[in-house]
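Encoded as structure tokens, the structure appears first; notes follow it.
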Amino acid sequence: MDIQTVETGPINGQKPGTSGLRKKTKVFMGPHFLENYVQSIFDGIGGVSGKTLIVGGDGRYFNERAIQVILRMMAANGASRAIVGQNGLLSTPAASNLIRKRGTDGGLILSASHNPGGPDEDFGLKYNGPNGGPASEGVTDKIFARTTDITSYKIVEGEDVDIASTGDKTLGDMVVEVIDPVADYAALMENLFDFDAIKGLLSSGFTISFDAMHAVTGPYAKAILEHRLGAAEGSVVNATPSPDFGGGHPDPNPIWAKELMDRMHGPDAPDFGAASDGDGDRNMIVGKGCYVTPSDSLAVLAANATLAPAYRDGLKGIARSMPTSAAVDRVAEKLGIDCYETPTGWKFFGNLLDAGRATICGEESAGTGSDHVREKDGLWAVLLWLNILAQKRQPVAQLIADHWTQFGRNYYSRHDYEAVESDLANRLMDDMRTKMSDLPGTEVAGLKVEAADEFSYNDPVDGSVSKNQGLRFYFEGGGRVVFRLSGTGTEGATIRVYIERLELDPSAMQQDAQEALAPIIKAAETLSRIRAETGRSGPDVVT
Ligand code: G16
């Protein structure tokens with residue numbers, strides 16, 4: 001085996017964000033960029049000598065080339081085995097499952113999630129640890145530290161490994177085991193849910209439409225929904241993963257999954273619609289004429305989870321990211337279980353799940369999951385919904401209306417201002433930070449401020465503290481607005497504004513969310529001056 005030690009030097013901009021390192025594909029393809037980062041991961045986790053790692057990605061442009069580089073670097077660094085999805089494909093939850101099931105030392109997942117793919121779009125890479133979850137902040141800090149003082153990386157020269165066919169291959173002294181990316185994951189889902197009940201629902205005339213958005217979930221959804229559960233052929237659309245996701249954004253929200261939204265609001269709408277993102281960890285749920293917000297979906301799933309076999313004995317606790325609506329908090333209260341509020345980023349749920357303190361977790365950014373893996377899981381959410389509907393035999397809209405009547409409705413919306421110049425975005429956040437302590441007791445655009453703070457998280461399991469996790473303003477009457485900068489963008493800064501208000505009057509629960517939130521939206525602009533300072537008339541994306 002011809003191991004080469006290639007001299008290199010630190011490259012700026014290799015600090016991982018909310019979920020690994022995401023950059024323009026061309027940046028990742030630049031000289032030494034990928035190699036530096038991969039070597040930094042290996043060094044940051046204490047080397048990979050004798051270790052086994054799962055390797056796979058969402059199939060976006062550069063996926064297979066990057067995997068060949070990673071395999072050669074693993075071999076050069078002494079890894080004993082790489083377990084790779086056929087054709088380089090593995091959804092993020094499937095990779096998390098394999099790490100756990102095979103007891104590996106972790107895995108490398110190649111994805112920029114819901115960001116578009118292609119030579120001029122985005123690419124990403126993250127390391128997940130032996131528990132199957134995204135690396136903790138402590139580990140990512142070590143990886144980043146290495147990127148700043150790296151001097152060389154190791155790689156073997158040689159032919160590409162054939163990852164198009166399953167089976168064991170060798171690369172130097174390392175075994176490359178190429179596996180079917182779907183089989184283990186499908187078996188896990190069958191264990192968690194009542195497949196017979198869902199089959200019964202689907203054979204009773206209940207119709208579904210699942211939009212895989214030309215991304216990695218296509219083969220998983222086809223195998224599970226159509227082949228195992230008997231949904232009609234064609235229920236899964238855009239099912240073939242493509243390197244540029246058919247030219248679209250594989251982001252399951254009403255804007256980017258408009259095709260599905262139109263179908264679900266059309267005259268022949270199926271009973272249930274869903275979509276997933278680039279790497280299969282996000283989900284969107286839509287009923288006939290009824291979009292379900294991620295925060296409401298989390299609350300409904302938590303309230304009804306015991307209808308699925310895996311959760312029959314009840315939930316140990318629930319966790320949500322801080323900007324996610326408090327809808328699920330009242331479910332936890334009713335169930336008499338703890339509800340944890342964590343910073344944005346699935347990695348923060350890991351300790352709670354590992355410690356058995358939470359069973360179900362969720363985020364406003366279209367992510368829900370449970371302790372079955374250590375990632376959010378798009379198809380899992382879809383199957384839990386179907387399992388619940390199979391028992392309840394109610395239209396989605398009715399289920400949601402009943403839920404609101406029982407628990408109240410949290411009107412909720414997120415406004416994103418994308419590609420804002422970074423210095424300006426930081427200044428706007430600093431301005432709010434400076435004035436926030438004087439605000440309680442005063443009025444902003446006619447709303448009385450009750451409290452204002454910057455969210456800081458004390459992990460109850462390992463005691464670590466994560467500061468600067470979002471600016472929060474609470475108004476009299478149950479309203480809240482949160483501001484934070486996204487950690488997943490690749491261009492300038494994205495300012496996220498999360499707006500929420502609790503409504504307990506059943507006769508006022510059917511308003512349009514933007515109208516119901518209008519006074520808080522106005523107060524948010526008065527507080528932040530985003531529109532005034534950026535010269536924009538409104539957000540780029542409203543979810
Ligand atoms: C990632 C993280 C999520 C987070 C989301 C948005 O999701 O795993 O925990 O909520 O990014 O983060 P931000 O607001 O910082 O952009 P994904 O699906 O992109 O991996």
Which heavy atom of Val328 sits nearest to which heavy atom of Ala302, and what is that distance? CG2-CB, 3.9 Å
Salt bridge (charged side-chain N to carboxylate O under 4.0 Å, His left out) with Glu375: which of Lys126, Arg282, Lys347, Arg100? Lys126
Quiz question: by atom type and distance under 3.5 Å, do the side chains of Thr18 and Trp346 form a donor-acceptor pair? no
State, with a plain yes or no, whether a side-chain heavy atom of Lys392 is found less than 4.5 Å away from one of Asn304. yes
Examine the side chains of Ser486 and Thr488 and answer whether a donor and an acceptor come within less than 3.5 Å of each other. yes
So do Tyr411 and Glu503 actually touch side chain to side chain, heavy atoms under 4.5 Å? yes
Is any side-chain heavy atom of Leu89 closer than 4.5 Å to one of Asp58? no
Under 4.0 Å between a side-chain nitrogen and a carboxylate oxygen: does that hold for Asp105 and Lys51? no
Can you tell me if Arg330 and Asn410 form a side-chain donor-acceptor pair at under 3.5 Å? yes
Could you state the interatomic distance from CZ (Phe272) to CG (Leu389), rounded to the nearest 0.5 Å? 6.5 Å
Would Asp162 and Lys169 pass as an ion pair if we require N to O under 4.0 Å? yes
Asn387-Asp194 side chain donor-acceptor pair, cut-off 3.5 Å: no
Ring pair (Phe, Tyr, Trp, His ring centres under 6.0 Å) pairs touching residues 203-233, sequence neighbours excluded, are Tyr185-Tyr220
Side chain proximity check, Cys339 to Glu341, heavy atoms < 4.5 angstrom: no
Can you tell me how far CG of Leu379 sits from CG of Asn283, rounded to the nearest 0.5 angstrom? 9.0 Å
Enter the distance from Asp277:CG to Thr92:OG1 here, rounded to the nearest 0.5 Å. 7.5 Å
Side-chain donor/acceptor of Thr25 to backbone N/O of Glu121, under 3.5 Å: yes
How long is the straight-line distance from OH of Tyr37 back to CZ of Phe42, given to the nearest 0.5 Å? 12.0 Å
May I have the step-by-step check of side-chain contact (heavy atoms from CB on, under 4.5 Å) for Lys26 and Asp120, ending in yes or no? CA-CA 7 Å; Lys26 282 194 176 132; Asp120 297 318; 2.6 Å; yes
With a 4.0 Å cut-off on N to O distance, would you call Arg414 and Glu500 a salt bridge? no
Please determine if Arg496 and Asp416 form a salt bridge, counting it only when a charged side-chain N lies under 4.0 Å from a carboxylate O. yes
Report the relative orientation of the aromatic rings in Tyr311 and Trp380; use parallel for angles under 30°, tilted for 30 to 60°, perpendicular for over 60°. perpendicular
Decide whether Asn115 and Ser113 meet the rule of one side-chain donor and one side-chain acceptor closer than 3.5 Å. no
Sub-3.5 Å donor-acceptor pair from the side chain of Glu226 to the main-chain atoms of Val236, do we have one? yes
Can you tell me if CG on Asp173 sees more than 12 non-hydrogen neighbours from other groups inside 6.0 Å? no
From Met264 atom CE to Asp268 atom CG, the distance as rounded to the nearest 0.5 Å: 11.5 Å
Answer with yes or no whether the side chains of Ser413 and Gln514 bring together a donor and an acceptor at under 3.5 Å. yes
Answer yes or no: is there a donor N or O on one side and an acceptor on the other, between the side chain of Thr170 and the main chain of Met174, under 3.5 Å? no
Please, which pairs that meet ring pair (Phe, Tyr, Trp, His ring centres under 6.0 Å) have at least one residue in residues 89-130, sequence neighbours excluded? Phe28-Phe123, Phe62-Phe123
Between Arg320 and Asp329, is there a salt bridge with N-O shorter than 4.0 Å? yes
Would you call Arg228 and Met189 a side-chain contact if the rule is heavy atoms closer than 4.5 Å? no
Salt bridge (charged side-chain N to carboxylate O under 4.0 Å, His left out) assessment of Lys222 paired with Glu233: CA-CA 9 Å; Lys222 274 255 166 209; Glu233 186 82 25; 3.6 Å; yes
Taking NZ in Lys316 as the centre, count heavy atoms belonging to other residues, nucleotides or ligands within less than 6.0 Å. Is the count above 12? no
What closest approach, in Å, do Val382 and Ala274 show between heavy atoms, and which atom pair accounts for it? CG2-CB, 3.6 Å
So do Arg60 and Pro116 actually touch side chain to side chain, heavy atoms under 4.5 Å? no
Should Met322 and Thr342 count as side-chain neighbours, where that means a heavy-atom distance under 4.5 Å? no
With no hydrogens and no angle check, is any side-chain donor or acceptor of Glu363 less than 3.5 Å from a backbone partner on Gly345? yes
Under 3.5 Å, side chain of Thr494 to main-chain N/O of Glu418, donor-acceptor pair present? no
Start with the C-alpha gap between Ile400 and Asp402, add the side-chain angles, then the distance that decides, and say whether side-chain contact (heavy atoms from CB on, under 4.5 Å) holds. CA-CA 5 Å; Ile400 292 289; Asp402 289 355; over 6 Å; no
Can you tell me how far CZ of Arg374 sits from CG of Asn97, rounded to the nearest 0.5 angstrom? 11.0 Å
Check whether any side-chain heavy atom of Asp160 lies under 4.5 Å from a side-chain heavy atom of Arg72, and answer yes or no. yes
Carboxylate-amine/guanidinium contact Asp122 Lys23, below 4.0 Å: no
Whether the side chain of Asp184 engages the backbone of Ala94 through a donor-acceptor N/O pair (distance < 3.5 Å, no angle test) should be reported. no
Under 3.5 Å, is there a donor on one side chain and an acceptor on the other for Thr104 and Thr52? no
Stepwise, does the side-chain contact (heavy atoms from CB on, under 4.5 Å) test hold for Ile109 with Leu90? CA-CA 8 Å; Ile109 301 176; Leu90 273 179; over 6 Å; no
Specify the closest pair of heavy atoms between Arg312 and Leu307, including all atoms of both residues, with the distance to one decimal. NH2-O, 4.0 Å
Evaluate Tyr291 against Met284 for side-chain contact (heavy atoms from CB on, under 4.5 Å), listing each step before the verdict. CA-CA 8 Å; Tyr291 165 70; Met284 177 174 90; 3.8 Å; yes
I'd like to know if the side chain of His372 pairs up with that of Asp377 as donor and acceptor (distance under 3.5 Å, no hydrogens or angles considered). yes
